[in-house]
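Working notes, beginning with the structure itself.
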Amino acid sequence: DGLNTAETAHDSFLPLVLVPLFLLSVSDGRPPTRFEWELFCFVVALCGLCLRAFVVGTAPHGASTRGTRRPTADSLSTLGAYSVVRHPLYLANTLVAIGCSLLSGTWYLPLIVVLLSFIYHERIAAREEAFLQSAFGEGFRAWASEVPAMIPAFGHYQPSGVPFQVRKVVMQESHGLCAIGTAFLVLDTLEDSARLGYFHVDPRWLTVFFATFIPFLIVALAKKSARPRAPQR
């Protein structure tokens with residue numbers, strides 16, 4: 001996945017499937033969920049983001065490549081998170097989606113999200129692993145035979161030996177933090193409005209949104225200012 005092969009641009013569209021399913025799950029007339037439960041759901045989603053941060057922050061230089069059409073990889077990552085699960089970023093994305101789906105307070109929406117995520121990521125992973133096998137041959141086959149695809153085997157953990165790269169995580173994952181804050185604001189607003197019968201925005205989730213948006217904005221501005229300017233004629 002993202003650190004062993006190309007991150008697919010279509011991966012970002014998967015959470016959009018959650019919105020209509022979420023609306024269907026909250027249209028049964030039940031009262032809105034308690035804030036304590038919503039906070040627990042937020043923590044679950046943040047656990048997914050923390051896993052992404054760990055994977056990105058401990059990835060060796062040169063192992064991370066991005067693309068939108070064909071998988072690519074400069075090296076095969078087999079240590080750190082990749083020593084316990086072959087697709088840690090997809091597992092992290094699933095945790096984020098589960099956290100969002102739990103906000104509905106229903107038992108079936110998280111189950112649907114898990115099934116959809118498995119089907120979606122399994123197709124992507126199959127293509128990527130076919131590429132990795134052709135690129136790294138026996139090295140990939142030995143690693144894949146020991147490490148499960150999506151269910152972690154924590155007893156296999158081997159440190160990556162790479163010091164945690166805070167700046168890299170901040171630059172790459174600030175958008176993910178903002179996405180979670182935005183998702184919870186939108187989903188909670190949809191839930192409250194549907195169940196109360198009028199438009200309602202919880203100021204607590206509005207505060208969380210701004211708290212996650214500001215770091216994203218700072219990073220976006222920093223990236224823009226760091227881009228080389230075209231020479232003036």
Side-chain angles (χ1 to χ4, degrees), residues 1-16 18 42-43 45-83 85-97 99-100 121 124-125 127-128 131-132 135-136 159-187 205-233:
D1 68 311
L3 272 290
N4 259 338
T5 60
E7 277 191 38
T8 172
H10 301 293
D11 195 39
S12 59
F13 296 113
L14 183 60
L16 296 178
L18 184 64
F42 186 68
V43 171
L46 286 183
C47 286
L49 183 66
C50 287
L51 177 55
R52 284 192 59 91
F54 175 73
V55 176
V56 172
T58 57
H61 179 72
S64 177
T65 54
R66 292 176 179 267
T68 58
R69 294 182 181 274
R70 297 179 180 179
T72 59
D74 299 325
S75 61
L76 181 66
S77 296
T78 60
L79 301 177
Y82 288 94
S83 65
V85 64
R86 297 204 302 272
H87 302 284
L89 291 183
Y90 294 161
L91 177 60
N93 293 343
T94 301
L95 277 176
V96 173
C100 293
H121 288 126
I124 301 174
R127 185 187 73 238
E128 293 180 344
F131 162 78
L132 289 174
F136 300 103
S160 70
V162 177
F164 189 76
Q165 304 162 84
V166 177
R167 186 179 185 279
K168 180 181 178 182
V169 170
V170 171
M171 298 301 287
Q172 291 193 19
E173 297 301 318
S174 61
H175 72 285
L177 178 63
C178 182
I180 292 175
T182 303
F184 271 78
L185 173 64
V186 171
L187 293 177
W205 287 116
L206 188 61
T207 301
V208 169
F209 164 74
F210 282 114
T212 59
F213 175 74
I214 291 174
F216 166 74
L217 182 61
I218 293 173
V219 169
L221 292 175
K223 287 181 177 179
K224 184 177 180 179
S225 62
R227 292 174 185 168
R229 296 181 179 181
Q232 296 181 349
R233 296 182 178 180

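- Residues Cys178 and Phe216 approach most closely at CB-CB, 3.7 Å, considering heavy atoms.
- Considering every non-hydrogen atom in both Val169 and Gly57, the closest pair reads CG2-CA, 3.5 Å.
- Scanning for side-chain contact (heavy atoms from CB on, under 4.5 Å) contacts around Ala92 gives Leu51, Arg52, with sequence neighbours left out.
- Taking CG of Leu95 as the reference point, atom OH of Tyr90 lies at 15.5 Å (rounded to 0.5 Å).
- A distance of 10.0 Å separates OG1 in Thr207 from CG in Leu185, rounded to the nearest 0.5 Å.
- Partners of Ala183 under the side-chain contact (heavy atoms from CB on, under 4.5 Å) rule, at least two apart in sequence or in another chain, are Cys100.
- In plain terms, the two heavy atoms of Tyr82 and Pro88 that are nearest each other are CE2-CD, 3.4 Å.
- Taken to the nearest 0.5 Å, the CG atom of Leu49 stands 10.0 Å off from the CG atom of Asn93.
- A donor-acceptor contact shorter than 3.5 Å links the side chain of Ser160 to the backbone of Thr58.
- Listed by chain and residue number, Ser117 satisfy the side chain to side chain donor-acceptor pair (under 3.5 Å) test with Thr94 (two or more places apart in sequence, or in another chain).
- Remark: side-chain polar atoms of Gln165 are paired, donor with acceptor, to backbone N or O of Ala59 under 3.5 angstrom.
- Under the ring-ring contact (aromatic ring centres under 6.0 Å, His included) criterion, Phe164 pairs with no residue, sequence neighbours left out.
- Ring geometry for Phe42 versus Phe184: interplanar angle over 60°, hence perpendicular rather than tilted (30 to 60°).
- The side-chain contact (heavy atoms from CB on, under 4.5 Å) search around Ile214 returns Ile218, not counting sequence neighbours.
- Scanning all heavy atoms of the two residues, the minimum distance from Pro163 to Gly161 falls at CD-O, 3.7 Å.
- Qualifying side-chain contact (heavy atoms from CB on, under 4.5 Å) partners for Val186, counting only residues two or more places apart in sequence or in other chains: Thr182, Leu190.
- Between the CD1 atom of Ile180 and the NE2 atom of His175 there is a distance of 10.0 Å, given to the nearest 0.5 Å.
- To the nearest 0.5 Å, atom NZ of residue Lys223 and atom CD of residue Gln172 are 7.0 Å apart.
- Residues that satisfy the ring-ring contact (aromatic ring centres under 6.0 Å, His included) test with Phe209, not counting sequence neighbours, are Phe213.
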